[in-house]
Participant: 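Let me give you the structure first, and then I'll get to my questions.
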Amino acid sequence: MTTLAANPLGLQRLDLIKTQAFIGGQWLDDPSGQKLDVVNPADGAVITQVTDGGAELAKAAVDAASAAFQNWRATTAKTRAGLLRAWFDLITKHQDDLAKLIAWEMGKPLAEAKGEIAYGAGYIEWFAEAIKHTNGDVIPAPIGGRQMLAVREPVGVAAVITPWNFPMAMIARKFGPALAAGCTVIAKPAEDTPLSALALVALAEEAGIPAGVINIIPASRERTPQISQVWLDDGRVRKISFTGSTPVGKLLARGSADTLKRLSMELGGDAPFIVFDDADLDIAVDALMKAKFRNAGQACIAANRVLVQEGIYDALAERLAATVGKLTVGAATDGAFDIGPLINERALEKVERLVAAAVAKGAKVVVGGSRAAPGSAFFQPTVLSDMPAELRSSCEEIFGPVLPLARFSTEEEAIALANDTPFGLASYFCTQDQKRVWRVASRLESGLVGVNEGAISSEYAPFGGVKESGYGREGSVHGLADYQSLKYICLGGLG
Ligand code: NAD
């Protein structure tokens, strides 16, 4: 049983489960009365229903966010930092409950869900601190009697659209810098995972963040375009920050052309993971396990193609088979497992299709290779070896617990294969050769590079892609700048 009344994970605060949109400080249903089922992906049971938002709520959210903007932008950095810090403290206090919500509606193991809350909260804490240390410039004027200044201002109302795979962290990574900069936000969480995002907003309200500063609307996939269209068309919305697939990102980029909004696009990936002959195999296995099997492989920076130099190919394949074979699979509501269910049937069918296509072209299944049982929502942790030549280059995102191994012989070949993709989010490689570290890192076409490390995301560092993985950065001072405009002020007649 996974219904709300059964409370299978033992949430302490069931009142954190919100089922309405939050606009201008009020929890509201969509006037259509339409509802959206929230489902436990492990067993398909409906946890609860949330309101299914549409165009009217979308417009109300813009009204509320633009009305709140002038007051919010006029608050001091110290005030905003204090409110963000209070929100961070509440998230930390309720870390267990928030993690349980994620595990329930998204399926990831509880330990990983707790890690996601800490990671996401880190962005709110980091930007609360950063905004107190963010200065403009005083520019040495080339003409006497003048002062020249560059000041940072919030871009305005920011629309935020996020995916289901890290349902709390992806939204916190946008709310943190947006609010710190003085922007107000309107948000649409993923249709599969609205509860963790709504709970996060409930805690923002408790922390005292003023009405209208954060607005959020859950919506089904069918009704989402109604919301985004209102936001795209409305000139008061000055920025869109989107995390999700590249096709939807392109759609939003095209749609925002008429109002020339600022855009941040955190899109899909096709991460290569290269292991050179001179790698430390213990480090390589550890890094690969983190880069591949976290969140059952459902991560934009998950290793999608593993390229192994021929001298260590067999030894690495053997070690990986043994390690992957030990991973446990099960639902968070049933205990502690390494791998949860995939998000929905569509995702399972995609992974099955990709495995079948690789095998049809000559790949061998070393471990796993199919669902845990027919009709199951769980896919076995899988290692495929001898990936065919054409699948060493650009590949569709697997988004599942499948690790495909392919051989290469020279460094030059590995770099060419790694870069032979329209995407450029993350790449990884393992080597112990210091000269090779810089040589390869500087030639990989991606926004992030992990060297001898598979878990590289951090609020302290800029996260984002190149090529069709998007543009803009989240985290670090660069993440804050994405929500700020620079204004040059020239003070004359001072001489
Ligand atoms: P998706 O693009 O299908 O959905 C993402 C969000 O966009 C959801 O909220 C969805 O409702 C919304 N959406 C869908 N159609 C829309 C439309 N027509 N107009 C406006 N919004 C619309 O992606 P997904 O399946 O939820 O997430 C997986 C994808 O996200 C993968 O490609 C993954 O690589 C990517 N991702 C990227 C990052 C990153 O930081 N670069 C992080 C996590 C996930």
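Read the numbers this way: they start at 1 and go in the same order the structure lists the ligands and their atoms.
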Participant: Identify all side-chain donor-acceptor contacts of residues 106-115 below 3.5 Å with residues at least two apart in sequence or on another chain.
Facilitator:
| unit_1 | atom_1 | unit_2 | atom_2 | d |
| --- | --- | --- | --- | --- |
| Lys108 | NZ | Glu116 | OE1 | 2.5 |
| Lys108 | NZ | Asn165 | O | 3.1 |
| Glu112 | OE1 | Asn295 | N | 2.7 |
| Glu112 | OE2 | Asn295 | N | 3.4 |
| Lys114 | NZ | Asp96 | OD1 | 3.0 |

Participant: Would you say Phe463 contacts ligand 1, with heavy atoms under 4.0 Å as the rule?
Facilitator: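 Yes, Phe463 has a heavy atom closer than 4.0 Å to ligand 1.
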Participant: Should the pair Lys350-Glu397 be classified as a salt bridge under the 4.0 Å nitrogen-to-oxygen rule?
Facilitator: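 So Lys350 does not pair with Glu397 through a salt bridge.
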Participant: Who gets closest to atom 12 (C) of ligand 1 by heavy atom: Ile227, Leu448, Ile161?
Facilitator: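 Minimum heavy-atom distance to atom 12 (C) of ligand 1 goes to Ile161.
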Participant: Which ligand 1 atoms are under 4.0 Å away from a heavy-atom of Leu251?
Facilitator: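 Near Leu251, the atoms of ligand 1 are 18 (N).
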Participant: Restricting to pairs with a member in residues 23-59, which pass ring-ring contact (aromatic ring centres under 6.0 Å, His included), not counting sequence neighbours?
Facilitator: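 Listed by first then second residue: Phe22-Trp27.
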Participant: Considering heavy atoms of the protein only, find what lies nearest to atom 21 (N) of ligand 1 and give residue, atom and distance to 0.1 Å.
Facilitator: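 Going atom by atom, the protein heavy atom closest to atom 21 (N) of ligand 1 ends up being Thr224 CG2, 3.4 Å.
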Participant: Quick one: which of Glu397, Arg223, Glu191 has a heavy atom closest to atom 11 (O) of ligand 1?
Facilitator: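 Answer by nearest heavy atom: Glu191.
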Participant: If you measure only the distance, is there a donor-acceptor pair under 3.5 Å linking the side chains of Ser228 and Lys188?
Facilitator: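 No.
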Participant: Just so I know, are the side chains of Ile23 and Leu57 near enough to count as touching, which here means a heavy-atom distance under 4.5 Å?
Facilitator: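 Of all side-chain heavy-atom pairs linking Leu57 with Ile23, at least one is under 4.5 Å.
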Participant: Is it the case that ligand 1 has an N or O less than 3.5 angstrom from some N or O of Thr162?
Facilitator: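 Yes; the residue has a nitrogen or oxygen that sits under 3.5 Å from a nitrogen or oxygen of the ligand.
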Participant: Could you tell me whether Arg221 and Asp192 have a side-chain N and a carboxylate O separated by less than 4.0 Å?
Facilitator: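 Between Asp192 and Arg221 there is no salt bridge, as every charged N stays at least 4.0 Å from the carboxylate O atoms.
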Participant: Numbering the atoms of ligand 1 from 1, which are under 4.0 Å from a heavy atom of Lys188?
Facilitator: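 Going through ligand 1 atom by atom, the ones under 4.0 Å from Lys188 are 8 (C), 9 (O), 10 (C), 11 (O).
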Participant: With distance as the sole test, does Asn419 use its side chain to make a donor-acceptor pair with the main-chain N or O of Glu445 at under 3.5 Å?
Facilitator: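 At least one qualifying donor-acceptor pair exists.
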Participant: Below 4.0 Å, non-hydrogen atoms only: which portion of Phe399 touches ligand 1? Side chain, backbone, both or neither.
Facilitator: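 It is the side chain that touches ligand 1; the backbone stays farther off.
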Participant: What part of Leu425 sits under 4.0 Å from ligand 1 if we count only heavy atoms: the side chain, the backbone, both or neither?
Facilitator: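 Looking at Leu425 and ligand 1, just side chain atoms fall under 4.0 Å.
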Participant: Of the protein's non-hydrogen atoms, which lies at the shortest distance from atom 7 (O) of ligand 1, and what is that distance?
Facilitator: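 Here the closest protein heavy atom is Phe242 CE1, 3.2 Å.
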Participant: Quick one: nearest non-hydrogen protein atom to atom 2 (O) of ligand 1, plus distance?
Facilitator: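 Going atom by atom, the protein heavy atom closest to atom 2 (O) of ligand 1 ends up being Ser245 OG, 2.6 Å.
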Participant: Taking side chain as C-beta onward, heavy atoms only, is Lys361 less than 4.5 Å from Met387?
Facilitator: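 When only atoms from C-beta onward are counted, Met387 and Lys361 do not touch, as no gap falls below 4.5 Å.
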Participant: Can Lys18 and Glu205 be counted as an ion pair, charged N to O under 4.0 angstrom?
Facilitator: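 Looking at Glu205 together with Lys18, the answer is no, because their closest N to O distance does not fall below 4.0 Å.
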Participant: For Asn165, is at least one N or O under 3.5 Å away from an N or O on ligand 1?
Facilitator: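 N/O-N/O distance below 3.5 Å does not exist for this pair.
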Participant: In terms of residue, atom name and distance, what is the protein heavy atom nearest to atom 16 (C) of ligand 1?
Facilitator: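 Result: Val248 CG1, 3.6 Å.
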Participant: Considering only non-hydrogen protein atoms, determine which one is nearest to atom 41 (N) of ligand 1 and report residue, atom name and distance to 0.1 Å.
Facilitator: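 I find the closest protein heavy atom is Leu267 O, 2.8 Å.
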Participant: Considering only heavy atoms, which of Glu474, Arg173, Met170, Gln226 lies nearest to atom 40 (O) of ligand 1?
Facilitator: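 The residue whose heavy atom sits nearest atom 40 (O) of ligand 1 is Arg173.
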Participant: Give the atoms of ligand 1, by number and element, whose distance to some non-hydrogen atom of Pro163 is under 4.0 Å.
Facilitator: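 Per the distance check, 26 (O), 27 (O), 43 (C), 44 (C).
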Participant: So does Asp30 pair up with Lys35, basic N to acidic O under 4.0 Å?
Facilitator: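 Salt bridge absent between Asp30 and Lys35.
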Participant: May I ask you to check if ligand 1 and Ser228 share an N or O to N or O distance below 3.5 Å?
Facilitator: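 Yes; at least one N/O pair falls below 3.5 Å.
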Participant: Does a salt bridge link Lys250 with Glu468, judged by any charged N lying under 4.0 Å from a carboxylate O?
Facilitator: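 A salt bridge is present here (some side-chain N lies under 4.0 Å from a carboxylate O).
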Participant: Trp164 to ligand 1: N or O pair under 3.5 Å?
Facilitator: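 N/O-N/O distance below 3.5 Å exists for this pair.
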Participant: With the threshold set at 4.0 Å, does a side-chain nitrogen-carboxylate oxygen contact exist between Glu345 and Arg371?
Facilitator: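 Yes, charged N to carboxylate O under 4.0 Å.
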Participant: Quick test: of every protein heavy atom, which one is nearest to atom 38 (C) of ligand 1, and how far off is it to 0.1 Å?
Facilitator: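 Minimum-distance protein heavy atom for atom 38 (C) of ligand 1 reads Cys300 SG, 3.0 Å.
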Participant: Indicate the ring-plane relationship of Tyr119 and Tyr123, choosing parallel, tilted or perpendicular according to the 30° and 60° boundaries.
Facilitator: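 Ring orientation of Tyr119 relative to Tyr123: perpendicular.
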Participant: Any idea which atoms of ligand 1 are less than 4.0 Å away from a heavy-atom of Arg221?
Facilitator: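 Those qualifying, in numeric order: 1 (P), 3 (O), 4 (O), 10 (C), 14 (C).
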Participant: Could you find the nearest protein heavy atom to atom 35 (C) of ligand 1 and give me its residue, atom name and distance?
Facilitator: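 Residue, atom and distance for the closest contact: Gly244 O, 3.2 Å.
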